[in-house]
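So the structure is just underneath, and the comments pick up after that.
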There are 2 protein chains.
Amino acid sequence: MRTRTGPGPRERLLEAARELTYRQGVGVGVDALLKAADVARRSLYEHFGGKDGLIAEVLRRSTAEDEERYRQVMRSAGDDPRARLLAVFDELAEVVRGPDFRGCRYLAADLALADPGHPAHAITRDYRERVHRLLEDELVRLAHPRPAHAADQLLLLVDGVLAAGATRPRTEPARSARELAEHVIDGGRPASS
Amino acid sequence: MRTRTGPGPRERLLEAARELTYRQGVGVGVDALLKAADVARRSLYEHFGGKDGLIAEVLRRSTAEDEERYRQVMRSAGDDPRARLLAVFDELAEVVRGPDFRGCRYLAADLALADPGHPAHAITRDYRERVHRLLEDELVRLAHPRPAHAADQLLLLVDGVLAAGATRPRTEPARSARELAEHVIDGGRPASS
DNA sequence: CTAGAGATAGAACGATCGATCTACCCGTTT
DNA sequence: AAACGGGTAGATCGATCGTTCTATCTCTAG
């Protein structure tokens, strides 16, 4: 009947790992994860095969959620591609302002996992490509002369916001980036509006 | 007489730690550091008090060297502040292109060291302030209307280059950032030249 | 009722962590 | 010659690492 009262061990583990790997980094110990999730040791290895598998699944889920959040933010911004792109930076401003913000978890994972063969790297790479496409699609709709290049620049601004937001929070990096994003979106020429 | 043939244990440790903490992250084991430096275990604790002390000293040295490198690059670029600022991004292009580039070691250290009281954080924070001043001074010389804010933006672009360079190396982030840097330097208006 | 799947608790594995310690070697300085 | 400081080598400490294991419990399906 599956009439469980709450989320099962798998979900509890994923949620605890999502939280702890962000706050403490992917170097968190297995014991801390098990304790936070209130889950038996064995369950971790049954469901994910090991710590690396759990980390990979956490990143997979998180990228899917973040991509969907980007889409939602752009959807809420209306039809104008310019407004939709700028809305991304408005959302970033709120993310960075958040009291629990500790930088980009994907960049942190990439920097922390020295082994280039770790499954986490493939996941973060795919995520960046998906976001790049998301941005590029809007730029194409804007008839931007160099949509791919402009998407690279916007992604660079996003990375800059997340990095500066973690290291120099008082400088309001999202606001700074938004100004530059306008310049990128307008293709170096003044806005049409 | 101090007629030693090569660098002593202290220097060897610092050099090995500089290399290994960059390639492997600050999570490298003490044993790996000692083996790479070919130094006795005791020497580490005599000179630096422990692993954290060694890491802090590595960062201290590295920030001093990097700041000096920024100054040198700007010095070589002549007297025009605009050219001096853009030279920074040309230098970044070469850094990112380097085969051993693995991202910004200071951001990596900040993200990896969850404890906000770790001495490394104070060192990286001071470094960013020094670089900010370096950039701001040039913008003041340019009579930029908002030198502090523009320096924030340039620093955001630098962070973006180092992040994107580590995660999307094929996109030539330094070139993308240089274009935006020109826009920042020119204060939103076209270049005077 | 019973067999089996899923979860829990916890011992235990070998490996590694950072740190402390003893013992010895060597060059310098009294 | 003797004392000493800096360096090396290596054992050892308790703690923690990720992983595997046995044993028990609790459901649910047949």
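Throughout, protein chains are lettered first and strands after them, A, B, ... in sequence-line order, and every chain is numbered starting at 1. In this text the structure is predicted, and so the values were computed from the model without any measurement.
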Handout entry: A/E67: which of A/Q72, A/R133, A/R130 passes side chain to side chain donor-acceptor pair (under 3.5 Å)
Key = A/R130

Problem - Side chain B/R41 and base D/dT12 donor-acceptor under 3.5 Å - result: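 A donor-acceptor contact between them is absent.
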
Practice task
Hey, could you give me the CG/CG distance between A/L86 and A/L92, rounded to the nearest 0.5 Å?
Solution key: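 Here the interatomic distance stands at 11.5 Å.
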
Rounded to the nearest angstrom, tell me the gap between atom [atom1] in [X] and atom [atom2] in [N].
| X | N | atom1 | atom2 | result |
| --- | --- | --- | --- | --- |
| B/F48 | D/dG6 | CZ | P | 15 Å |
| B/E46 | C/dT22 | CD | P | 13 Å |
| A/L44 | D/dC17 | CG | P | 13 Å |
| B/R42 | C/dC21 | CZ | P | 9 Å |
| A/Y45 | D/dC17 | OH | P | 11 Å |
| B/L13 | D/dG6 | CG | P | 16 Å |

Exercise for the section: Mind telling me whether B/Y106 and B/Y127 have parallel, tilted or perpendicular rings, with 30° and 60° as the class edges? Expected result: tilted

May I have the list of side-chain donor-acceptor pairs in residues 43-59 of chain B shorter than 3.5 Å, sequence neighbours left out?
{"from": "B/E46", "atom 1": "OE2", "to": "B/R42", "atom 2": "NE", "distance (Å)": "3.4"}
{"from": "B/K51", "atom 1": "NZ", "to": "B/V26", "atom 2": "O", "distance (Å)": "3.2"}
{"from": "B/K51", "atom 1": "NZ", "to": "B/V28", "atom 2": "O", "distance (Å)": "2.9"}
{"from": "B/D52", "atom 1": "OD1", "to": "B/H118", "atom 2": "NE2", "distance (Å)": "3.3"}
{"from": "B/E57", "atom 1": "OE1", "to": "B/R60", "atom 2": "NE", "distance (Å)": "3.2"}

Exercise for the section: Could you note down all residue pairs passing side-chain hydrogen bond (donor to acceptor under 3.5 Å, both in side chains) where residues 25-39 of chain B supplies at least one of them, sequence neighbours left out? Expected result: B/D31-B/R41

Problem - Distance-minimising heavy-atom pair for B/R12 and B/A37 - result: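 Minimum heavy-atom separation between B/R12 and B/A37: NE-O, 3.0 Å.
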
Exercise for the section: Grab the two heavy atoms, one from A/L20 and one from A/A32, that are nearest each other, plus how far apart they are. Expected result: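 Smallest interatomic distance, heavy atoms only, reads CD1-O, 3.6 Å.
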
Exercise for the section: Indicate yes or no for a side-chain donor-acceptor contact from A/Y22 to the backbone of A/R105 under 3.5 Å, with no hydrogens or angles considered. Expected result: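 Looks like no, no N/O pair under 3.5 Å.
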
Handout entry: Residues within residues 50-60 of chain B bordering DNA chain C, heavy-atom distance below 4.0 Å
Key = B/G50, B/K51

Practice task
Only counting residues at least two apart or in another chain, list the ones meeting salt bridge (Lys or Arg N to Asp or Glu O under 4.0 Å) with B/E15.
Solution key: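 By the salt bridge (Lys or Arg N to Asp or Glu O under 4.0 Å) rule, B/E15 matches B/R18.
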
Handout entry: Under 3.5 Å side-chain donor-acceptor pair for B/T124 and B/D110
Key =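 Per modelled atom types, B/T124 and B/D110 side chains form a pair under 3.5 Å.
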
Exercise for the section: Can you establish whether the number of heavy atoms outside B/D115 located under 6.0 Å from its atom CG is more than 12? Expected result: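 Atom CG in B/D115 is crowded, with more than 12 foreign heavy atoms closer than 6.0 Å.
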
Handout entry: Where DNA chain D forms stems, i.e. three or more consecutive Watson-Crick or G-U pairs with both distances under 3.5 Å
Key =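 C:1-30 with D:1-30 - these are the stems of 3 or more pairs that involve DNA chain D.
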
Problem - Sub-4.0 Å heavy-atom contacts from residues 16-38 of chain A onto DNA chain D, ordered by number - result: A/V28, A/G29, A/V30

